[in-house]
Amino acid sequence: MKTIKLRTLSVERDMDFLYKNIMSSDQYLFSTKITCNTIHSFNNWLLNQLNLEFNDFYIVEYMNQRIGYVHNYDFSLKDGRCKLVVCIEEKYREFGIGAIAAILFMKKLFDDYPLRKIYLDIYDYNKESLGSNLKAGFTEEGCIKNYRYHNGKFYDLHILSMDRKTFEKELGGRI
């Protein structure tokens with residue numbers, strides 16, 4: 001676990017890495033709203049997101065190599081909630097690295113803020129993520145049928161959540 005860490009984002013140092021990863025072909029796993037054709041327009045988009053939408057943003061490192069990022073959005077202290085994104089480069093998936101990064105980030109969020117719940121939006125075609133998050137203790141609070149059109153088909157959007165008490169009981173002791 002000590003080989004996986006969250007590092008504060010450095011816009012200068014991490015921009016090329018983020019451009020490559022956020023604009024990659026698997027962007028469909030979490031968003032289809034990003035339309036940047038150049039690194040300059042991406043830089044402007046990211047800075048805008050960091051100012052207006054994203055509350056916390058970290059680079060995930062494994063053995064001192066950048067392999068992904070985590071961030072939260074739709075953050076509300078009044079409501080005690082936020083939504084979470086965990087994105088790990090494809091070659092590092094299926095080893096549990098994303099799960100550890102998510103646990104580290106959730107622990108930080110619950111330690112730093114008086115959050116009640118953390119939410120995830122997962123599309124039905126992302127079966128691996130949906131299954132692993134349900135197995136980890138997230139509960140499905142809702143499902144919006146036929147929410148996203150992708151590759152010639154409509155897919156459901158699953159809304160999962162984990163509250164502070166469940167996190168502490170199920171995952172908090174794992175790090």
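Everything numeric in this text was worked out from a predicted model, so none of it was measured.
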Next on the checklist: Quick one, Leu160 with Ile122, criterion side chain to side chain contact (heavy atoms under 4.5 Å, CB included). Give me CA distance, side-chain angles, the key distance, then yes/no.
Outcome noted: CA-CA 8 Å; Leu160 309 183; Ile122 302 176; 3.6 Å; yes

Checklist entry - So His150 and Tyr123, ring-ring contact (aromatic ring centres under 6.0 Å, His included) or not? Walk me through it. => result CA-CA 10 Å; His150 173 68; Tyr123 300 102; 9.1 Å; no

Checklist entry - Do Leu9 and Val11 come close enough that some side-chain heavy atom pair is under 4.5 Å? => result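 Sidechains of Val11 and Leu9: in contact.
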
Next on the checklist: Take a 6.0 Å sphere around OH of Tyr62 and say whether it holds more than 12 heavy atoms from other residues, nucleotides or ligands.
Outcome noted: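 12 or below, so no.
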
Taking [X] for its side chain and [Y] for its backbone only, find out whether a donor-acceptor pair lies under 3.5 Å.
X	Y	result
Asn72	Asp56	yes
Ser132	Ser129	yes
Asp163	Thr166	yes
Arg7	Asn64	no
Asp156	Asn146	yes
Arg93	Gly98	no
Arg164	Phe110	yes
Asn51	Leu47	yes

Checklist entry - Are the ring centres of Tyr147 and Tyr155 closer than 6.0 Å? => result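 No: the rings miss the under 6.0 Å criterion.
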
Checklist entry - side chain to side chain contact (heavy atoms under 4.5 Å, CB included) between Ile59 and Leu18: does it pass, once the steps are laid out? => result CA-CA 9 Å; Ile59 299 297; Leu18 290 172; 3.9 Å; yes

Item to check | Residue pair Glu89, Lys20: steps toward the salt bridge (charged side-chain N to carboxylate O under 4.0 Å, His left out) verdict | outcome: CA-CA 10 Å; Glu89 288 184 329; Lys20 179 185 122 207; 3.0 Å; yes

Checklist entry - Is Leu104 linked to Met63 within one hydrophobic cluster, defined over Ile, Leu, Val, Met, Phe, Trp and Tyr using a side-chain heavy-atom separation of less than 4.5 Å? => result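 Yes.
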
Checklist entry - Salt bridge check: are Asp79 and Arg81 linked by an N-O gap of less than 4.0 Å? => result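 Between Arg81 and Asp79 there is a salt bridge, with a charged N closer than 4.0 Å to a carboxylate O.
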
Next on the checklist: I'd like to know if Lys5 pairs up with Glu61 as an ion pair, taking the criterion as any Lys NZ or Arg NE/NH1/NH2 lying under 4.0 Å from an Asp or Glu carboxylate oxygen.
Outcome noted: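 Yes, this pair counts.
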
Item to check | Derivation of the side chain to side chain contact (heavy atoms under 4.5 Å, CB included) call for Glu53 and Phe75 | outcome: CA-CA 8 Å; Glu53 299 292 328; Phe75 182 88; over 6 Å; no

Item to check | Phe57 and Phe54 aromatic ring geometry - parallel, tilted or perpendicular at 30°/60° bounds | outcome: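 Phe54 and Phe57: tilted rings.
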
